[in-house]
Participant: 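Take a look at the following structure, please.
Proteins come first, then strands; the chains are lettered A, B, ... in the order of their sequence lines, and each starts at number 1.
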Amino acid sequence: MYTQGLDQQHGAETGRHGEETAAQLDAFQARIDDEEKIEAKDWMPEAYRRTLVRQISQHAHSEIIGMQPEGNWLTRAPTLKRKAILLAKVQDEAGHGLYLYSAAETLGVSRDQMVADLLSGKAKYSSIFNYPTLTWADIGAIGWLVDGAAIMNQIPLCRCSYGPYSRAMIRVCKEESFHQRQGFDIMLTLCRGTEAQKAMAQDALNRFWWPSLMMFGPNDANSKHSAQSMAWKIKRFSNDELRQKFVDITVPQAEFLGLRIPDDKLRFDEESGHYRFSDIDWTEFHEVLAGNGPCNRERMAKRRTAHEDGAWVREAARAYAEKRTSAAAAA
Amino acid sequence: MSKQEWPLYEVFIRSRSGLAHRHAGSVHAADDQMALDHARDTYTRRKEGVSIWVVRSDRIVASDPAETASFFEPAEDKIYRHPTFYEIPDEVENL
């Protein structure tokens with residue numbers, strides 16, 4: 001579900017140009033310019049490979065960590081129907097993580113290495129999952145806003161120049177629309193309910209609006225890494241373009257719900273046909289990315305515990321498979 | 001962290017009878033049966049398949065992309081394999 005403009009967070013990648021001739025690089029760029037897809041075993045610049053490994057694995061980690069805020073409400077969903085739906089949704093997030101790990105592995109990085117990088121804190125995941133889910137309405141807001149923002153980011157990734165990533169994103173996007181609709185359905189039900197329920201929906205919107213806008217990453221002016229990703233057609237639209245699209249389609253949906261977007265400066269600009277909105281508090285964004293959001297430590301601790309608690313299962317399954325293989329060989 | 005990760009399997013899915021199996025992605029599993037179960041849970045949550053093949057990734061033999069031109073070269077100059085190579089008079093029908 002969730003990629004973020006995290007490709008700027010680690011400074012510029014430099015390829016080992018010593019081993020890459022200008023002719024190789026030109027031929028590669030020509031393939032990209034012709035809209036050819038790059039496949040796993042094709043020649044590619046080292047910087048292209050590393051950029052993709054970082055972006056795809058961060059995307060995968062986001063899906064996996066993203067199960068936690070929603071998982072928080074699985075046992076407390078208001079009805080059996082809502083519980084079954086949420087369970088299916090959280091399972092989809094695990095699936096999306098697996099599609100993406102699988103795509104990243106085609107670039108020659110092992111699953112264990114990616115998991116180790118997540119658990120050590122070396123690899124990042126989307127900032128949005130470091131916010132708590134305090135009420136049931138937050139589950140609605142996450143589906144509606146967070147998945148909505150993710151769809152905006154992910155649809156262009158279906159056309160990404162790297163074949164395995166593009167195919168994984170097509171699979172993800174097919175499932176994503178269910179996620180957004182179930183979220184909106186929760187919000188709609190609350191907004192048609194009692195005053196207290198509507199207030200709960202408004203409160204969730206208030207808390208998730210700005211973090212959702214931050215999901216698109218830094219403003220274009222501060223996004224120095226974007227140009228290379230654009231040239232490689234990993235990225236098709238800038239952070240600000242996608243953010244604007246998201247605001248333009250989401251504001252009318254909030255109006256339909258009868259909810260107020262928490263931004264005093266929000267207004268529709270007739271001339272451009274776009275909504276204008278306030279500047280984002282980037283200090284908050286950078287603090288959350290640096291590990292100081294409301295739930296960073298909790299999310300990582302839970303992930304590490306889950307991984308460690310599962311170690312004996314992984315080892316036992318492997319030992320059992322080995323035992324059966326050697327028994328079959330002996331027979 | 002487990003000492004060694006489970007082997008990687010490539011997953012192929014037949015979406016319905018009459019169609020060929022198609023590559024969907026990969027899964028890690030300790031053995032063949034687990035690979036099938038993981039493939040089902042990962043790639044067919046919405047009835048995307050009626051049949052799944054899994055095969056250990058290290059058992060797949062693949063052509064080398066760097067050799068693509070020379071590897072497929074024998075087909076390059078045999079345009080007579082295509083029906084459009086032959087000029088048939090307009091009067092001749094059903095050919």
Participant: Going by residue number, which parts of residues 14-37 of chain B are within reach of chain A, meaning a heavy-atom gap below 4.5 Å?
Facilitator: B/A24, B/G25, B/S26, B/H28, B/A30, B/D31, B/M34

Participant: Rounded to the nearest 0.5 Å, what's the gap from OG on A/S57 to CZ on A/R111? Could you check?
Facilitator: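 Separation between the atoms: 11.5 Å.
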
Participant: Pull out the residues in residues 45-55 of chain B that come under 4.5 Å of chain A, heavy atom to heavy atom, sorted by number.
Facilitator: B/R45, B/R46, B/E48

Participant: Do any of residues 80-88 of chain B come closer than 4.5 Å to chain A, heavy atom to heavy atom, and if so which ones, in number order?
Facilitator: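 Residues qualifying by a heavy atom under 4.5 Å from chain A are absent, so none.
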
Participant: Could you tell me whether a side-chain N or O of B/E5 sits under 3.5 Å from a main-chain N or O of A/D112, the two making a donor and an acceptor?
Facilitator: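 Yes: the side chain of B/E5 pairs with the backbone of A/D112.
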
Participant: Given heavy-atom pairs under 4.5 angstrom as the criterion, report whether the side chain, backbone, both or neither of A/S110 touches chain B.
Facilitator: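 Both backbone and side chain of A/S110 come within 4.5 Å of chain B.
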
Participant: Does B/K78 have more than 12 heavy atoms from other residues, nucleotides or ligands lying within 6.0 Å of its NZ?
Facilitator: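 Atom NZ in B/K78 is packed in, count exceeds 12.
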
Participant: Any side-chain heavy atom of A/C173 within less than 4.5 Å of one from A/I151?
Facilitator: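 Of all side-chain heavy-atom pairs linking A/I151 with A/C173, none is under 4.5 Å.
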
Participant: Highest number of heavy-atom pairs under 4.5 Å with chain B: which of A/K174, A/E175, A/E322?
Facilitator: A/E175

Participant: So do A/E20 and A/F28 actually touch side chain to side chain, heavy atoms under 4.5 Å?
Facilitator: no

Participant: With a 3.5 Å distance limit and no angle check, can you tell me whether B/W6 reaches the backbone of A/R314 through a side-chain donor-acceptor pair?
Facilitator: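 Here the side-chain-to-backbone pair exists.
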
Participant: Looking at OG1 of A/T21 and CG of A/D26, how far apart are the two atoms once the value is rounded to the nearest 0.5 Å?
Facilitator: 8.0 Å

Participant: Please check this pair: side chain of A/Q91 against backbone of B/D41, looking for a donor-acceptor N/O pair closer than 3.5 Å.
Facilitator: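 No, A/Q91 side chain to B/D41 backbone: no donor-acceptor pair under 3.5 Å.
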
Participant: Salt bridge between A/E46 and A/R50, side-chain N to carboxylate O under 4.0 Å?
Facilitator: yes

Participant: Do the charged groups of A/K233 and A/D34 touch, with an N to O distance under 4.0 Å?
Facilitator: no

Participant: So, the side chain of A/S326 versus the backbone of A/K323: is there a donor-acceptor pair under 3.5 Å, distance only?
Facilitator: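 Flag set: sc A/S326 to bb A/K323 pair under 3.5 Å.
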
Participant: Give the interface residues of residues 68-75 of chain B toward chain A, defined by a heavy-atom separation under 4.5 Å.
Facilitator: none

Participant: Could you check whether any side-chain N or O of A/R299 sits under 3.5 Å from a backbone N or O of A/F129, counting only pairs where one atom can act as donor and the other as acceptor?
Facilitator: yes

Participant: Is there side-chain contact between A/H96 and A/D92, with heavy atoms separated by less than 4.5 Å?
Facilitator: yes

Participant: A/Y101, A/Y99, A/Y320: which one forms the most heavy-atom pairs within less than 4.5 Å of chain B?
Facilitator: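 Answer, by heavy-atom pair count under 4.5 Å with chain B: A/Y99.
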
Participant: Charged N to carboxylate O under 4.0 angstrom, A/E315 versus A/R318?
Facilitator: no

Participant: Without hydrogens or angle criteria, can the side chains of A/H61 and A/Q58 be said to hold a donor-acceptor pair below 3.5 Å?
Facilitator: no

Participant: Please determine which of A/R31, A/R49, A/K37 meets the salt bridge (Lys or Arg N to Asp or Glu O under 4.0 Å) test together with A/D42.
Facilitator: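 Among the candidates, only A/R31 passes.
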
Participant: How far does CE of A/M152 sit from CG of A/L157, to the nearest 0.5 angstrom?
Facilitator: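 Separation between the atoms: 13.0 Å.
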
Participant: Hey, could you give me the CD1/CG distance between A/I56 and A/L107, rounded to the nearest 0.5 Å?
Facilitator: 5.5 Å

Participant: If I measure from the heavy atoms of chain B, does A/R324 come under 4.5 Å with its side chain, its backbone, both, or neither?
Facilitator: side chain

